[in-house]
J.: 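Sharing a structure below in structure tokens format, with a few things to ask.
To find a chain, count down the sequence lines: A is the first, B the second, and so on, and within it residues start at 1.
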Amino acid sequence: MFTITAKDKDTRARTGTLTTAHGDIPTPIFMPVGTAGTVKGILQRDLADDINAPIILGNTYHLYLRPGMEILKAAGGLHKFINWDRALLTDSGGYQVFSLSAIRKVKQEGVTFSSHIDGSKHLFTPENTVDIQRIIGADIIMAFDECTPWPCDHKQAARSMNLTHQWLERAVTRFRETDPVWGYPQYLFPIVQGSTFEDLRRESAEAAASTGMEGMAIGGLSVGEPAEDMYRMIEVVNEILPSDKPRYLMGVGTPENLLESIERGIDMFDCVMPTRNGRNGMIFTNEGIINIRNNKWANDFSAIDGECPSYVSRTFSKAYLRHLIMSGEMLGAQIASMQNLAFYLYLVAQAREKIAEGEFLKWKTSAIKRVSGRL
RNA sequence: GUGGUUGUAGCUCAGUUGGUUAGAGCGCCAGAUUGUGGCUCUGGAGGUCGCCGGUUCGAACCCGGUCUUCCACC
């Protein structure tokens, strides 16, 4: 169930609460990515208590290959397996089949692919990815889709979108005719495709909306197209997606992307950027973006981020974090990931506050200027 | 002391029969990174080729001296 709690007077931005069997999720929200049953380098306790994440992601592709469904079933589902009692969302694996697996064949039935771990062959279909996600037991599960690469001509984009739509229908059917494995309800989110073509995006948004599911996702964006194209597609799609349901923009993005998208009516985000780029030395702070490997931080003993309300942000210095990252120390990756996630969650928390206060637009402009500058 | 051996970028090393502006890996300095393979990619700075002299149109390369590294022998 999704409840709108405030609407911005100037824009499409809104705040809401998405209720799941594992807690309420305030929106707009950023969801940390925990591909293989872990947000890399961060304890579940810290995700909950320090970073304040109400929901994290898992990935069907990775979890299905390892540890595999027998172990996940024996464990009693992913929540129990990883000791996480808040909400979970699993991606269907559609994206990974395309980005990770070298050998793959796309057919009407589904996608055959080779495991990146041992080369073994597997088949993902709209039906079995629902079954798999039933067993994993995430509160929100995703329909199996094809993430259309960019650039792409209209004809290819239409063909790809139509395949996604056929798969969507089959996924919804399987979802409706099966029950949750672990006794609590799950939501299935359809995914809008259509590349950067307005007519296709409209058609795809109609298809997603017509399923009547509890929430809707927008995929196939931030795959190389200019940010302006992405924003335009969000506007087109959000005119059609039901306004009383949460809208999830998949794989996005930078702090600036988040605020611009919130303005256009997006409620949920996920992105590997704060964690993957964090491990590589890109640090997001309330003062701007830092490349902590730069020599200029070697003697800077100020806190990583004095404004962020998390333990690592205020406790450790930039100079220490630089030393850890330069040395390839595990703790560097941990601290960087925690800082970045704490920052992302703090950013969306502020956005919720400003929307409720009716000051979103004014705040957004100054916030973007502040947090997306390079220091 | 004698014989051999070694010396080229911060480090480890290539470098053709002597032939334009001496290269690589790592490191360093920067940049990219968007539904995660603890990735990946791009660019940059940096060398009096131990030193001195000689041969040659031309020397990292050949010759002499000298210093240096390591080894063996006395």
Side-chain angles (χ1 to χ4, degrees), chain A residues 30-42 55-63 65-66 89-102 114-119 129 133 138 140-150 164 189-193 216-227 229-231 247-258 260-261 266 268-284 289-298 322 324-334 336-337 340-341 344 372 374:
Chain A
F30 179 81
M31 308 180 282
V33 176
T35 307
T38 160
V39 176
K40 295 185 195 304
I42 305 182
I55 175 170
I56 61 173
L57 262 65
N59 196 284
T60 300
Y61 171 89
H62 295 271
L63 294 167
L65 290 177
R66 194 168 54 190
L89 181 152
T90 41
D91 191 10
S92 64
Y95 186 84
Q96 280 63 40
V97 162
F98 292 96
S99 70
L100 295 182
S101 184
S114 302
S115 160
H116 71 278
I117 298 165
D118 61 6
T129 49
Q133 292 182 92
I140 301 170
I141 69 178
M142 303 304 297
F144 191 64
D145 70 329
E146 179 176 60
C147 182
T148 310
W150 188 89
T164 289
F189 282 20
I191 302 173
V192 174
Q193 289 290 340
M216 312 280 154
I218 304 173
L221 289 176
S222 209
V223 289
E225 81 286 359
D229 289 355
M230 174 171 82
Y231 298 143
R247 301 157 177 156
Y248 164 28
L249 180 59
M250 305 185 77
V252 175
T254 64
E256 180 172 1
N257 290 158
L258 262 58
E260 293 291 354
S261 302
I266 297 294
M268 304 165 70
F269 302 90
D270 80 280
C271 189
V272 301
M273 190 174 275
T275 39
R276 184 203 272 160
N277 290 20
R279 289 196 297 276
N280 204 13
M282 185 179 191
I283 310 298
F284 295 91
I289 299 168
I290 288 175
N291 182 350
I292 200 70
R293 290 172 309 173
N294 288 5
N295 204 16
K296 64 203 261 195
W297 307 113
R322 176 173 196 274
L324 294 174
I325 294 280
M326 294 301 279
S327 310
E329 287 290 341
M330 287 190 293
L331 188 59
Q334 286 182 266
S337 299
N340 286 350
L341 289 178
Y344 267 65
S372 61
R374 305 267 165 170

J.: Compare the minimum distances between each of B:G35, B:U33, B:G37 and the side chain of A:M282, then state the nucleotide with the smallest one.
T.: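 Given the options B:G35, B:U33, B:G37, the side chain of A:M282 is closest to B:U33.
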J.: Whole angstroms only, please: what is the OH-P distance between A:Y231 and B:U34?
T.: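 My rounded result for the distance is 15 Å.
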J.: Go through the N and O atoms of the side chain of A:D145 and the base of B:G35, and report whether any donor-acceptor pair is under 3.5 Å.
T.: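 Counting by modelled atom types and ignoring angles, a donor-acceptor contact under 3.5 Å is found here.
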J.: Please give the distance between the P atoms of B:A14 and B:G31 as a whole number of Å.
T.: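 Looking at atom P only, B:A14 and B:G31 are 35 Å apart.
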J.: Closest-nucleotide mapping onto RNA chain B: is A:V252 or A:H62 further toward the 5' terminus? I mean the 5' end.
T.: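 Closest to the 5' end, via its nearest nucleotide, is A:V252.
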J.: Say you pick atom P in B:U2 and the same atom in B:U55; how far apart are they, in whole Å?
T.: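 Between the two P atoms, the distance is 28 Å.
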J.: Is the shortest side-chain N/O distance from A:R279 to OP1 or OP2 of B:G37 below 4.0 Å?
T.: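 For B:G37, neither OP1 nor OP2 has a side-chain N or O of A:R279 closer than 4.0 Å.
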J.: Regarding A:Q193, tell me which of base, sugar-phosphate or nothing describes its non-hydrogen contacts under 4.0 Å with the strands shown.
T.: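 Base contact.
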J.: Does some side-chain heavy atom of A:I140 sit less than 4.5 Å from a side-chain heavy atom of A:I55?
T.: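 In contact.
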J.: Measure the distance from OH on A:Y95 to C1' on B:U34 and round it to the nearest whole Å.
T.: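 The distance from OH of A:Y95 to C1' of B:U34 comes to 7 Å, rounded to the nearest Å.
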J.: With a 4.0 Å cut-off on heavy atoms, is A:I191 in touch with a base, just the backbone sugar-phosphate, or nothing at all?
T.: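 Base, at least one base atom sits under 4.0 Å.
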J.: Does the protein touch nucleotides 40-46 of chain B at the base, only the backbone, or not at all? Give it as B, S and - per nucleotide, heavy atoms under 4.0 Å.
T.: B------
J.: From the options B:U34, B:A32, B:C29, select the nucleotide whose nearest atom is closest to the side chain of A:R322.
T.: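 Nearest nucleotide to the side chain: B:C29.
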J.: Using the P atom as the point on both nucleotides, what is the distance between B:U34 and B:U42, in whole Å?
T.: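 Each nucleotide's P atom is 15 Å from the other's.
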J.: Between B:C28, B:G35, B:U34, which nucleotide has the shortest distance from any of its atoms to the side chain of A:D91?
T.: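 Out of B:C28, B:G35, B:U34, the nucleotide with an atom closest to A:D91's side chain is B:G35.
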J.: What nucleic acid atoms does A:R66 come within less than 4.0 Å of, heavy atoms only: base, sugar-phosphate, or nothing?
T.: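 No contact at all - A:R66 keeps every heavy atom at 4.0 Å or more from the nucleic acid.
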J.: Does A:I289 reach the side chain of A:T254, with side-chain heavy atoms less than 4.5 Å apart?
T.: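 Side chain of A:I289 against side chain of A:T254, heavy atoms only: no contact under 4.5 Å found.
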J.: Can you tell me how far P in B:G50 sits from the matching atom in B:U16, rounded to whole Å?
T.: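 It comes out at 14 Å once rounded to the nearest Å.
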J.: Could you write out RNA chain B as a dot-bracket string, with dots for unpaired bases, | for bases paired across to another strand, and Watson-Crick or G-U pairs counted at under 3.5 Å?
T.: ((((..(..((((.....[...)))).(((((.......))))).....(((((..]....))))))..)))).
J.: Between A:H116 and A:Y61, how do the two ring planes meet: parallel, tilted or perpendicular, split at 30° and 60°?
T.: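 Judged by the thresholds at 30° and 60°, the geometry between A:H116 and A:Y61 is parallel.
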J.: Could you tell me whether the phosphate oxygens of B:A30, OP1 or OP2, come under 4.0 Å of any side-chain nitrogen or oxygen in A:N294?
T.: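 Checking B:A30 against A:N294, a side-chain N or O does come within under 4.0 Å of OP1 or OP2.
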J.: Rounding to an integer number of angstrom, what distance separates B:A72 and B:U6 when you compare their C1' atoms?
T.: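 It works out to 15 Å between them.
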J.: Measure CG/A:N291 against P/B:A32 and give the value in whole Å, please.
T.: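 Interatomic distance, CG of A:N291 to P of B:A32: 8 Å.
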J.: Please report, rounded to the nearest Å, how far the P atom of B:A32 is from the CD1 atom of A:I290.
T.: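 Taking atom P of B:A32 as the reference, CD1 of A:I290 is at 14 Å.
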J.: Do A:Y95 and A:D145 make a side-chain contact, defined as non-hydrogen atoms from C-beta onward lying under 4.5 Å apart?
T.: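 No. Closest side-chain heavy atoms not under 4.5 Å.
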J.: Do A:I325 and A:R293 touch side chain to side chain, with heavy atoms closer than 4.5 Å?
T.: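 Contact flag for A:I325/A:R293 side chains = yes.
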J.: If I take atom CE in residue A:M273 and atom C1' in nucleotide B:U33, what distance separates them, rounded to the nearest angstrom?
T.: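 Distance check: A:M273 CE to B:U33 C1' gives 6 Å.
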J.: Check whether any side-chain heavy atom of A:R374 sits under 4.5 Å from a side-chain heavy atom of A:N291, and report yes or no.
T.: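 In short, these two side chains do not touch, never coming nearer than 4.5 Å.
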J.: Looking at A:N340 and A:T275, would you say the former's side chain and the latter's main chain have a donor-acceptor pair under 3.5 Å?
T.: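 Here the side-chain-to-backbone pair does not exist.
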J.: Quickly work out the A:I325 CD1 to B:G38 P distance and round it to whole Å.
T.: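 For the pair A:I325 CD1 and B:G38 P, the rounded distance is 15 Å.
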J.: Is there side-chain contact between A:Q193 and A:E146, with at least one heavy-atom pair below 4.5 Å?
T.: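 Contact flag for A:Q193/A:E146 side chains = no.
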J.: How would you list, by chain and number, every residue that makes a side chain to side chain contact (heavy atoms under 4.5 Å, CB included) with A:A138, sequence neighbours excluded?
T.: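 Expected list: A:L88, A:T90, A:I141.
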J.: Please give the distance between the P atoms of B:U40 and B:A22 as a whole number of Å.
T.: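 The same atom, P, in both gives a distance of 32 Å.
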J.: Evaluate the criterion side-chain contact (heavy atoms from CB on, under 4.5 Å) for residue pair A:L258 and A:Y344; output intermediate values, then yes/no.
T.: CA-CA 9 Å; A:L258 262 58; A:Y344 267 65; 3.8 Å; yes
J.: Of all the nucleotides listed (B:G37, B:U34, B:G38), which has the minimum atom distance to the side chain of A:M330?
T.: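 Nearest to the side-chain atoms of A:M330, counting from C-beta on, is B:G38.
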J.: Can you work out whether A:A333 or A:M250 has the more 5'-proximal nearest nucleotide on RNA chain B?
T.: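 Its nearest nucleotide lies further toward 5', so the answer is A:M250.
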J.: How far does the C1' atom of B:G27 sit from the matching atom of B:U33, given to the nearest Å?
T.: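 Going atom to atom, C1' in each nucleotide, I get 22 Å.
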J.: Provide the distance between the two C1' atoms, one in B:U17 and one in B:U56, to the nearest whole Å.
T.: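 Their C1' atoms lie roughly 15 Å apart.
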J.: Measure CD1/A:I289 against C1'/B:U34 and give the value in whole Å, please.
T.: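 My rounded result for the distance is 12 Å.
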J.: Please pick, from B:U34, B:C28, B:G35, the nucleotide with the shortest atom-to-atom distance to any side-chain atom of A:M326.
T.: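 Of the candidates, B:C28 comes closest.
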J.: I want to check something: taking the side chain as every heavy atom from C-beta on, are A:F189 and A:M268 in contact at a cut-off of under 4.5 Å?
T.: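 Of all side-chain heavy-atom pairs linking A:M268 with A:F189, at least one is under 4.5 Å.
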J.: Is A:G94 touching bases, backbone alone, or none of the nucleic acid, heavy atoms closer than 4.0 Å?
T.: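 No contact.
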J.: Mind checking whether A:Y248 and A:M31 have side chains closer than 4.5 Å, heavy atoms only?
T.: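 Side-chain contact under 4.5 Å: yes.
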J.: Rounded to the Å, how far apart are A:N277 CG and B:U33 P?
T.: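 Distance check: A:N277 CG to B:U33 P gives 8 Å.
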J.: Where the side chain of A:H116 is defined as all heavy atoms beyond and including C-beta, which of B:G35, B:U34, B:G37 is the nearest nucleotide?
T.: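 Of B:G35, B:U34, B:G37, B:G37 is nearest to the side chain of A:H116.
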J.: Please state whether the phosphate of B:C28, meaning OP1 or OP2, lies under 4.0 angstrom from any side-chain nitrogen or oxygen of A:N295.
T.: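 No, A:N295 has no side-chain N/O under 4.0 Å of OP1/OP2 on B:C28.
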